[in-house]
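Inspection log for the structure reproduced underneath, given as structure tokens.
Values reported hereafter were calculated over all heavy atoms of this structure, with side chains retained and with hydrogens, waters and symmetry mates removed.
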Amino acid sequence: MERQGNAPPDDIPIVLAHEGHHGPVIYAANRTARLNGINPGSRVVDIRAVCPELQVEYADPAGDRAALERLALWARRWCPWTVRDKDDGLILDTTGSAHLLGGEAAMLVEMETQLSLLGLSAQLAVAPTWGAAWALARFGPVRSVCGTDEVGGKLGPLPVTGLRLDSETVLLLRRLGLKTIGAVMEVPRLSLTRRFVKAGLASNPLLRLDQALGKLAEPVASVEAKPRFQMQSRLAEPVFDPTPHLPELCEKLCNALKQAGQGCRRLRLTVYRTDGDVSHVDVATSATTRDPNHLHGLFRDKIERINPGFGFDLISLEAGSVEEMQEQQNRLDGGSDDDLHLTRLVDRLSAKFGPRAVTRPVLRESHIPERAEGRIAALAAPAETGAITPHERPLRLFDHPEEIRVLYAVPEGPPAQFIWRRQTHRVTRYSGPERIAPEWWKDRPGTRLRDYFKVEDQTGQRIWLYREGLHEDGRGGDPRWFVHGCFA
């Protein structure tokens, strides 16, 4: 399977590489490269010496695996069982499905057509076994179809690499003069058994040969699609208001979620109008839940946004952002105190005033106080964000530091007296400084460092202030002083 986009010509050897201990190493190769003997694990510099026309692109293994996982589910349009191959392809169990598409040959043409519409090129093969299909797709003719009685004959001319063996075993077989699968078949079985008796599956050509010929079972362990939680209510005649049907739909949906041990963070209410149009409205929660009363209440101020048209006769309620959910006990008697759930208040306010009206703080990776905290929508999904654990910070941090006028300053210390908000403050105690340097990757050139002090004035008020810059630091005139916050 080539990368999505404009596929290069089929006659050009192309490989994907990743960094190794001694330079780039081949991670995957297209069909032309494999037919030229270029296999994963080889060094790019060695292969280029024997194949100057080789094209090299850097691999993204994690992205490729994720794309193949999505493609495996997408491919279920042709059969119910699909799985991502651990190498670079898909395995489909098309038993009983080919006749629905006009036979195996027509099915391969349909697959190639649909994949090309996605910008993907593929080498396809149909065979009675996983191993045979794997080998024919990579080393056989284009769109190969192999019958049950043809497996041995069609696998014979293929290279031993088609048996899904590791590179060391392939090299050993070639040194023994066994360069094709047919040559391995002709060798007395007892001779190979003695040599590979303790070898694992990827190092034992006999086990791989038995799998390809159908003598050893190799079932397809298909990945399961995520369950879909959806409830529908079909009406005998068109209505204009879905409100009376919502409690029952929410109750059934939450029961299904509870039985599966799941909860949801989003709900979509959809009505199917008699004129063929569809209208829907969405609600979201700040935490995973399956409380039917709470979810029903979120629609209270949004039902009016649905356009009923000339009426609708089908209502659907579907759960989105489904996550695993465990029951939580916050009372000694084993129950749960619903009145203590702040998240439900956040959900109701967000549903009434909009998702951007309610926000929550999040930590950021920064030593600069005003950058160490940000705010996002309360309904936003929780994400892993880096944070730097700061020193003690004031309870109230000003959005913009307020400049003060210093009357007298202690050298390398805080001001002994300063005027802030038209009041004179005399420092009685202090601690610090805490020096915070500029972030050169964000701040402009010439930004001055800060020395923070925690001070207490004559009235007992605790203030957090800082000096911006140092004397003769070459980044401006005299240092300036600012108040950045107040302690409790």
Under the rule for ring pair (Phe, Tyr, Trp, His ring centres under 6.0 Å), what residues qualify as partners of His18, not counting sequence neighbours? Tyr27
Side-chain heavy-atom pair Leu397, Pro369 within 4.5 angstrom cut-off: yes
Sequence neighbours excluded, the answer for salt bridge (charged side-chain N to carboxylate O under 4.0 Å, His left out) partners of Lys252 is Glu248
Sorted by chain and number, sequence neighbours left out, side-chain contact (heavy atoms from CB on, under 4.5 Å) with Ser167 holds for none
All pairs passing salt bridge (charged side-chain N to carboxylate O under 4.0 Å, His left out) where residues 111-123 contributes a residue, at least two apart: Glu112-Arg143
Validation: residues 463-471 side-chain donor-acceptor distances under 3.5 Å, sequence neighbours left out:
residue	atom	partner	partner atom	Å
Arg467	NH2	Asp451	OD2	2.7

As an exercise, state the distance from CD of Gln55 to CD1 of Ile14, rounded to the nearest 0.5 Å. 5.0 Å
Using salt bridge (charged side-chain N to carboxylate O under 4.0 Å, His left out) as the criterion, list what pairs up with Glu403, not counting sequence neighbours. Arg480
Between Asp443 and Arg371, does any side-chain N to carboxylate O distance fall below 4.0 Å? yes
For residues 307-318, pull every pair meeting salt bridge (charged side-chain N to carboxylate O under 4.0 Å, His left out), keeping only residues two or more places apart or in separate chains. Arg228-Glu318
Please identify each residue that fulfils salt bridge (charged side-chain N to carboxylate O under 4.0 Å, His left out) with Arg273, with sequence neighbours left out. Asp275, Asp277
Counterpart residues, side-chain contact (heavy atoms from CB on, under 4.5 Å), relative to Ile419 (two or more places apart): Arg405, Leu407, Thr424
Lys/Arg N to Asp/Glu carboxylate O, Arg70 vs Asp64, below 4.0 Å: no
Checking side-chain hydrogen bond (donor to acceptor under 3.5 Å, both in side chains) against Tyr452, which of Glu434, Arg435, His484 comes through? His484
Could you check whether Glu370 pairs with Arg450 (Lys NZ or Arg NE/NH1/NH2 to Asp/Glu carboxylate O, under 4.0 Å)? yes
Partners meeting side chain to side chain donor-acceptor pair (under 3.5 Å) with Gln114 (sequence neighbours left out): Glu110
For Arg268, salt bridge (charged side-chain N to carboxylate O under 4.0 Å, His left out) partners two or more places apart: Asp282
Could you name each residue pair satisfying salt bridge (charged side-chain N to carboxylate O under 4.0 Å, His left out) that touches residues 419-432, not counting sequence neighbours? Glu402-Arg421, Arg429-Glu456
